[in-house]
Amino acid sequence: MKKVFALVDCNNFYVSCERLFRPELIGCPVVVLSNNDGCIIARSNEAKELGIAMGTPFFKIQSLIKRHKIKVFSSNYALYGDLSNRVMDILQKWEPEVEIYSIDEAFMTLPPSRVCSLTEYAQQLKNRVLQCVGIPVSVGIASTKTLAKIANRIAKKNGYYKGVFDLTDNENIDTALQATRVEDVWGIGRRYAQKLNNHGIYDALQLKGVNDKWVRKHLTISGLRTVMELRGISCIVSDNSQSHRKSIVSSRSFGREVSSSADLKEAISSYASIAAQKLRSQKLAAGFIHVFLTTNQFKGDQPQYSKSMMVSLPQPSSYTPTIIKSALHGLDQIYKDGYHYKKAGVMLTGISSGKHKQLSLFGSAIKESNCLMNAVDYINSKWGRNTMQSASAGFAKPWSMQQSFKSPSYTTSWQELPLVKAS
DNA sequence: TCTGGGGTCCTAGGACCC
DNA sequence: TCTGGGGTCCTAGGACCC
C-alpha cells in the first residue's frame, strides 16, 4: 500500500507564539523581526493583507507600521524553541513516525488503516495541538512530501477546508497543481522559477510534465526529484539515521559597524564560545574552524572586503579555549585595518562524535578539561547564558545586536514568568 | 541611522596522481 | 607538428530550505 504523508505546519508560528501570551493581539497586525531587528521574518494574516512581504527590511516600512499600529516583536528564540518542542511532543505521541523538518513543521507518516477518514483524523490532531499548546496548525495530506506541501498551502489559504486538505485523491491533484505557481513548489526558488518561466512553464501542472532530461540538465538532480514527487513518486526520503550535522555556524551582524581589531576579537571569541557550546550540547567535536568577516554590502560607496579562512585543529575538539584560540589565530590572518565591518562569524566543520577522537600522530592527547566545560555549561544553563564566559569575549560588547522589541522568555526563565493578578 | 542566521546539497573546475 | 585519459579529492559558488 502506498505511503501517506501529512505535513503539519504551525500557522505564522512566531506570531502565534507571541500572541499566546498576548491574546489581545489576536486580530491585530503583528510582525516579528530577524536578529538585529533587521528584516520581517514572520507576519500575521492581517500584516500579510497590508502587503508586507517576507524579508522586507524593517526600516523601509516604518510609516506603514505607524499608520496601521502594527505590533512589532524582536525574535525570541527561547520562547519559539520551547513552544516548538511542545508541539513536536504532541505529534510524536500521536504517531510513531514523525520527521521534525524545521522549528515549525513536521512530516508524519499516517497509518494505512484507521477508523475515520484522513481529513477527520488530521482535524483531531490539529485540535489536540491547539488544546494542549495553543498553537494553530494546518495539515496537508498526500502521497509524497512535495504534494503534501502543496496540500498544506491550500489548507492554509482556503478557509473552506478548516486547516486540513487531503490530496490523496488523484482527481484533485492536477487541479491543485494547475492552481500552484512554480515558485510556490517546495524546492523551486526564485532562480529556478525564472528559468522555468523563461521556458514557458508557469504552474506546477506544467512542471509535472516537463521532459526529464531538460530538468536534470537545468535544475540538477534535486529538481528532478521535485518533478518526480509532483508525479506522485515519493523520492525525498527522510533521514532517520542517527547521523549528526555536518557544520555548526555562529555568526551575527553587528549592532553597529565595527573597525577595530579589539572589537572583532571580542565578537569572534563570543561566536566561537557559542559554537563550541552547541558542539558540546550534541556531544560532538570539530576538526576545522572557519573564521569569516565582511563589510556592509549594501553600502556601495564604502570599500568592500570579505574573507574567510580555515584553521585545522591537531585533534577534534569542543573545548572552548581551544576553539577561541584557533578562531582568533584565523582572524589575525584575515583582518585588515581601515574597513567598516558589518558581520563576522565562526563555522565548525569536520565534525565527529566526541567519543572517538583521532589523536595527533606525535605525542599523547592534548590536555583539555571536560570537567571544566561541564561545569561552565551547567552554570550557564541554570543561571542564564554568559553567567560564565571567556574574558576575551568582552563585557560591554558594543558590537552586539539590537533587539529593541523582545518579549519576555515566558516559558524558559523563572525571572520572566507571566504574572496573573486577581482583582 | 536601519537590509538575519543556520543549514543542506549539487556542480564545476583545478590540482594531483598513476 | 606533436603534447593521454581517467579517477579522486578539494574548494568555491550557486541554489534551495525555514
Side-chain angles (χ1 to χ4, degrees), chain A residues 7 9-10 12-14 31-43 53-63 65 72-77 80-81 84 99-107 145-146 149 152-153 182-196 215-226 236-239 243-257 271 274-275 278-279 282 288 290 292 294-300 302 306-310 312 340 342-351 400-405:
Chain A
L7 172 65
D9 192 321
C10 302
N12 311 329
F13 181 54
Y14 296 172
V31 296
V32 177
L33 304 177
S34 62
N35 272 333
N36 232 7
D37 295 342
C39 299
I40 310 290
I41 53 165
R43 306 153 294 156
M54 190 73 167
T56 308
F58 179 47
F59 75 90
K60 283 190 179 170
I61 55 162
Q62 293 295 336
S63 64
I65 299 273
V72 177
F73 290 94
S74 301
S75 31
N76 182 347
Y77 288 104
Y80 312 152
S84 170
E99 182 197 352
I100 298 171
Y101 177 68
S102 73
I103 193 163
D104 68 338
E105 289 174 59
F107 288 104
K145 290 181 178 174
T146 306
K149 277 267 190 186
N152 190 288
R153 208 165 163 276
V182 282
E183 57 266 45
D184 296 326
V185 174
W186 189 41
I188 305 295
R190 229 184 43 226
R191 301 292 182 126
Y192 283 178
Q194 190 58 57
K195 233 181 224 185
L196 287 163
V215 176
R216 176 70 182 81
K217 183 167 176 216
H218 291 97
L219 312 183
T220 80
I221 186 83
S222 324
L224 189 54
R225 275 191 206 114
T226 298
I236 298 179
V237 288
S238 63
D239 185 15
S243 63
H244 50 70
R245 59 176 76 269
K246 294 171 180 173
S247 65
I248 286 175
V249 178
S250 171
S251 77
R252 299 274 187 285
S253 292
F254 301 128
R256 59 167 173 79
E257 280 167 359
Y271 305 152
I274 294 169
K278 280 190 204 170
L279 264 182
Q282 297 167 56
F288 308 100
H290 308 245
F292 56 90
T294 180
T295 49
N296 190 344
Q297 51 169 329
F298 293 102
K299 294 202 168 169
Q302 287 184 0
S306 68
K307 186 87 178 160
S308 76
M309 162 150 202
M310 188 184 89
S312 304
H340 299 296
K342 180 60 183 165
K343 184 177 176 178
V346 171
M347 175 162 77
L348 306 177
T349 61
I351 290 179
S400 63
M401 65 181 178
Q402 292 176 14
Q403 283 203 302
S404 310
F405 314 98

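Since we're looking at a predicted model, the values are computed, not measured.
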Report task. Assign A:Ser247 to base, sugar-phosphate, or nothing according to its heavy-atom contacts below 4.0 angstrom with the strands shown. Result -> sugar-phosphate

Query raised in the report: How close or far is atom P of B:dT1 from atom CZ of A:Phe298, stated in whole angstroms?
Result: 16 Å

Query raised in the report: What is the distance, rounded to the nearest whole Å, between atom CZ of A:Arg43 and atom P of C:dC18?
Result: 13 Å

Query raised in the report: Side-chain contact, heavy-atom cut-off 4.5 Å: A:Ser75 with A:Gln403?
Result: yes

Query raised in the report: What nucleic acid atoms does A:Glu105 come within less than 4.0 Å of, heavy atoms only: base, sugar-phosphate, or nothing?
Result: sugar-phosphate

Query - Euclidean distance, atom CZ of residue A:Phe59 to atom C1' of B:dG4 [Å, nearest integer] - result: 14 Å

Query raised in the report: Are OP1 or OP2 of B:dG5 and a side-chain N or O of A:Ser253 less than 4.0 angstrom apart?
Result: yes

Query raised in the report: Of the residues in residues 182-192 of chain A, which ones touch DNA chain B at a heavy-atom distance under 4.0 Å?
Result: none

Report task. Report the residue (A:Ile221 or A:Phe58) whose heavy-atom-nearest nucleotide on DNA chain B is the more 5′ of the two. Result -> A:Phe58

Requested in this report: Would you please enumerate the stems DNA chain B participates in, each stem being three or more consecutive Watson-Crick or G-U wobble pairs with both distances under 3.5 Å?
Outcome: B:5-18 with C:5-18

**Report entry** Any A:Arg256 side-chain N or O less than 4.0 Å from OP1/OP2 of B:dC2
**Finding:** no

Query raised in the report: Reckon A:Lys195 has a side-chain N or O less than 4.0 Å from the OP1 or OP2 of C:dC16?
Result: no

Query raised in the report: Hey, mind stepping through A:Arg252 and A:Asn36 against side chain to side chain contact (heavy atoms under 4.5 Å, CB included) and telling me if it holds?
Result: CA-CA 8 Å; A:Arg252 299 274 187 285; A:Asn36 232 7; over 6 Å; no

Report task. Please list, chain by chain and in numerical order, all residues satisfying salt bridge (charged side-chain N to carboxylate O under 4.0 Å, His left out) with A:Asp37, sequence neighbours excluded. Result -> none

Query raised in the report: What residues, two or more places apart in sequence or in another chain, satisfy side-chain hydrogen bond (donor to acceptor under 3.5 Å, both in side chains) together with A:Gln282?
Result: A:Arg245

Query raised in the report: Taking CD from A:Gln194 and P from C:dC16, how many angstroms apart are they, rounded to a whole number?
Result: 11 Å

Query raised in the report: A:Val72 and A:Phe405: which non-hydrogen atoms are nearest, and at how many Å?
Result: O-CB, 3.5 Å

Report summary line: Against the side chain of A:Lys149, the closest entry in B:dG5, C:dC18, B:dT3 is C:dC18

Query raised in the report: With sequence neighbours left out, what residues match A:Ala344 under side-chain contact (heavy atoms from CB on, under 4.5 Å)?
Result: A:Phe254, A:Leu264, A:Ile268, A:Tyr271, A:Leu293

Would you tabulate the pairs of protein nitrogen or oxygen atoms and nucleotide nitrogen or oxygen atoms of nucleotides 7-11 of chain C closer than 3.5 angstrom?
none

Query - Euclidean distance, atom NE2 of residue A:His218 to atom C1' of C:dG14 [Å, nearest integer] - result: 15 Å

Query - Test side chain to side chain contact (heavy atoms under 4.5 Å, CB included) applied to A:Glu105 and A:Leu7, step by step - result: CA-CA 7 Å; A:Glu105 289 174 59; A:Leu7 172 65; 3.7 Å; yes

Requested in this report: State which residues pass side-chain hydrogen bond (donor to acceptor under 3.5 Å, both in side chains) with A:Ser308; sequence neighbours excluded, sorted by chain then number.
Outcome: none

When the side chains of residues 184-196 of chain A are checked against the rest of the protein, which donor-acceptor pairs come out under 3.5 Å, sequence neighbours left out?
{"from": "A:Asp184", "atom 1": "OD2", "to": "A:Arg153", "atom 2": "NH2", "distance (Å)": "3.1"}
{"from": "A:Asp184", "atom 1": "OD2", "to": "A:Arg181", "atom 2": "NE", "distance (Å)": "3.2"}
{"from": "A:Asp184", "atom 1": "OD2", "to": "A:Arg181", "atom 2": "NH2", "distance (Å)": "3.2"}
{"from": "A:Trp186", "atom 1": "NE1", "to": "A:Tyr101", "atom 2": "OH", "distance (Å)": "3.4"}
{"from": "A:Gln194", "atom 1": "NE2", "to": "A:Asn198", "atom 2": "OD1", "distance (Å)": "3.2"}
{"from": "A:Lys195", "atom 1": "NZ", "to": "A:His218", "atom 2": "O", "distance (Å)": "3.1"}

Query - Spacing of the C1' atoms in B:dC17 and C:dG4 (rounded, Å) - result: 14 Å

**Report entry** side-chain N/O A:Ser251 vs B:dG4 OP1/OP2, d < 4.0 Å
**Finding:** no

Query raised in the report: With sugar-phosphate meaning primed atoms plus P, OP1 and OP2, does A:Asn36 contact a base, only sugar-phosphate, or nothing at under 4.0 Å between heavy atoms?
Result: nothing

Report task. Taking salt bridge (charged side-chain N to carboxylate O under 4.0 Å, His left out) as the test, write out the residues that go with A:Lys299, two or more places apart. Result -> A:Glu257

Report task. Give A:Ile248 one of three labels, base, sugar-phosphate or nothing, depending on what nucleic acid heavy atoms sit under 4.0 Å from its own. Result -> sugar-phosphate

Query raised in the report: In whole Å, what is the span from the CZ atom of A:Phe292 to the P atom of C:dG13?
Result: 14 Å

Query raised in the report: Checking all strands, does A:Lys217 fall into the base, sugar-phosphate, or nothing category for heavy-atom contacts under 4.0 angstrom?
Result: nothing

Report summary line: ring-ring contact (aromatic ring centres under 6.0 Å, His included) filter on A:Tyr14, not counting sequence neighbours, yields A:Tyr77, A:Tyr80

Report task. Kindly say if A:Lys299 contacts the phosphate of B:dT1, meaning a side-chain N or O under 4.0 Å from OP1 or OP2. Result -> no

Query raised in the report: Atom NE2 of A:His290 and atom C1' of B:dG6: how far apart are they, to the nearest Å?
Result: 15 Å

**Report entry** Nearest listed nucleotide, side chain of A:Asp104, among B:dC2, B:dG6, C:dC18
**Finding:** C:dC18

Query - side-chain contact (heavy atoms from CB on, under 4.5 Å) partners of A:Ser251, counting only residues at least two apart - result: A:Val249, A:Phe292, A:Lys343

Report summary line: Applying side-chain hydrogen bond (donor to acceptor under 3.5 Å, both in side chains) to A:Asn35 and not counting sequence neighbours gives none

Report summary line: Result for 5'-nearest mapping on DNA chain B, choosing between A:Asn296 and A:Ser250, is A:Asn296

Query raised in the report: B:dT3 C1' sits how many Å from A:His340 NE2, rounded?
Result: 18 Å

